[in-house]
Amino acid sequence: MYASLTLLSILILASATSAGSDCTGVIQSLNDVASAVQCKTVNIYGFTVPANQGFVLNLLDGTTVNVYGDIEFSDGFTKGPLFTVTGNDITFNGNDHKWNGSGPSYWDGKGGSGGLTKPNPVMSVGITGTFSGVYLLNSPMIAFEIWNGPLIIDGVTVDNREGNYANSRSDGVAAGRNTDGFDVGGDGITIQNCVVINQDDCIAISWGTNITVHNNYCESGHGISLTSSISDTVIENIVISNNTFVDSEQALRIKTSQTTQGSRVSNVVYTHNSASGCTDFGVLITQSYPAALGTPGNGVDISNVTFSGLNNISTTSSAYMVAVNCGVDSCIGPWDWSGLATDGGKVGPNTNCPEISGFSY
Ligand SMILES: *[C@@H]1O[C@H](CO)[C@@H](O)[C@H](O)[C@H]1NC(C)=O
Ligand SMILES: *[C@@H]1O[C@H](CO)[C@@H](O)[C@H](O)[C@H]1NC(C)=O
Ligand SMILES: *[C@@H]1O[C@H](CO)[C@@H](O)[C@H](O)[C@H]1NC(C)=O
Ligand SMILES: *[C@@H]1O[C@H](CO)[C@@H](O)[C@H](O)[C@H]1NC(C)=O
Ligand SMILES: *[C@@H]1O[C@H](CO)[C@@H](O)[C@H](O)[C@H]1NC(C)=O
């Protein structure tokens, strides 16, 4: 799907470059988009995106986008993405305006398995450059899919706090579900200074190299995860630094699915992260995904996982502070965990764990 979107954008770019692009395009409704994206400055004013339509910006290389008003997506039970942006060397200034995903109209406590079709994701970001200052309120399911790089995501908020409460359709459980903040695949991506309050992964990286996740605040979701569930892929050279987790299921997780083959997760550094109130695990490394502590597979190598500086991870008393559930010979040292301090919970299992230095169970 994404490959064809990229092709489409290339075709559109090719047809537009002959016209003068040194102009300012203005968007106040979807009708304005086609002409506005011929310009290298695009100003978006507040408007409502009609039901059953996507807002798609295939931008010229080098475009600057300025958002000057709030955007609302009508609830129309459409497929996502509700918003797609592509282009190279883009500067996207969200200016902290609100993008309203109308999540409460869809939430039923069941996420992807519910009866209602939910638009998913809200935002599909396929640019290189910078993307900043976007405030996304109430995503029906996944908030952001990030699938290109190099890219800096800075100061973006996902506010699904309302999804923590039950609604009339959710049978007493949290109405929001599968509301991942950022699902990431790509090389050279930085996610910094973001806030995510939700009911699933705060940030999940599924493939890519040279990825930095710095200075983010994650509340009430499932923490930051490196998730290897595609065969023959790499997650490598990852720095997770100075993030704060509050009341999340777990803070720091590496999960690989039982059936994935020929993939690897390597050179991961966790530094200066802090967590309080983790309800299930502080740190979880598991190869039995989707189960947390099921029968592990061994088709993904996890190597060179470091905790440096101070990572202060605190859990509730019923949670496991650290659990490792690896397949035979697929978790490979060095694992230098001298920068990990845990408290509050129970000592977790450790299955097929390599030798860990600087930290004892
Ligand atoms: C978000 O949009 C919904 C309609 O879909 C509206 O009822 C709600 O008031 C909006 N919220 C904000 C904060 O703008
Ligand atoms: C990752 O970063 C290293 C060191 O800066 C660089 O040599 C390598 O080409 C980068 N890899 C990718 C895929 O961007
Ligand atoms: C780390 O996070 C704290 C807040 O938790 C902030 O005050 C500090 O400036 C951050 N440090 C860096 C290097 O970003
Ligand atoms: C482990 O990862 C760190 C940080 O990415 C890197 O500097 C180091 O060379 C790696 N060590 C090995 C043995 O791969
Ligand atoms: C870790 O955080 C807890 C609160 O969550 C605090 O009580 C404790 O002093 C911190 N430990 C260190 C070593 O900073």
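Since this is a predicted model, take the numbers as computed values, not measurements. Note that ligands are numbered from 1 as they come in the structure, with each ligand's atoms numbered from 1 the same way.
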Side chain, backbone, both or neither: which part of Asn138 has a heavy atom under 4.0 Å from ligand 1? neither
Between Asn298 and Ser330, is there a donor-acceptor pair closer than 3.5 Å when you use the side chain of the first and the backbone of the second? no
Do Ser314 and Asp343 have a side chain donor and acceptor closer than 3.5 Å? yes
One pair per line, please: each N/O atom of ligand 2 matched with every protein N/O atom under 3.5 Å away, atom names first, then the distance to 0.1 Å.
unit_1	atom_1	unit_2	atom_2	d
ligand 2	2 (O)	Asn210	OD1	3.2
ligand 2	2 (O)	Asn210	ND2	2.1
ligand 2	11 (N)	Asn210	ND2	3.1

Go through Arg253 and Asp280 one step at a time and tell me if the salt bridge (charged side-chain N to carboxylate O under 4.0 Å, His left out) criterion holds. CA-CA 11 Å; Arg253 182 161 60 150; Asp280 292 16; over 6 Å; no
Less than 4.0 Å is my threshold; does some heavy atom of His272 fall inside it relative to ligand 3? no
Just jot down the ligand 3 atoms closer than 4.0 angstrom to any heavy atom of Asn215, in number order. 1 (C), 2 (O), 10 (C), 14 (O)
Looking at Ser102, which atoms of ligand 1 are within less than 4.0 Å of one of its heavy atoms? 2 (O), 4 (C), 5 (O)
Could you pull out all residues at least two apart from Arg169 that satisfy salt bridge (Lys or Arg N to Asp or Glu O under 4.0 Å)? none
Backbone N/O of Asn160 and side chain of Asn138: donor-acceptor pair under 3.5 Å: no
At less than 4.0 angstrom from any non-hydrogen atom of Lys98, what atoms of ligand 1 do you find? 13 (C)
Can a donor-acceptor pair be found, under 3.5 Å and without considering hydrogens, that links the side chain of Asn88 to the backbone of Asp61? no
Give a yes or no on whether the backbone of Val49 and the side-chain of Ser74 come within a donor-acceptor separation of less than 3.5 Å. yes
Any donor-acceptor pair under 3.5 Å linking the side chain of Gln250 with the backbone of Val283? no
Could an N or O of ligand 1 be found under 3.5 Å from any N or O of Asn100, whether backbone or side chain? yes
For residues Asp187 and Thr209, is any side-chain donor paired with an opposing acceptor at under 3.5 Å? yes
Non-hydrogen atom of Asp75 closer than 4.0 Å to ligand 1: no
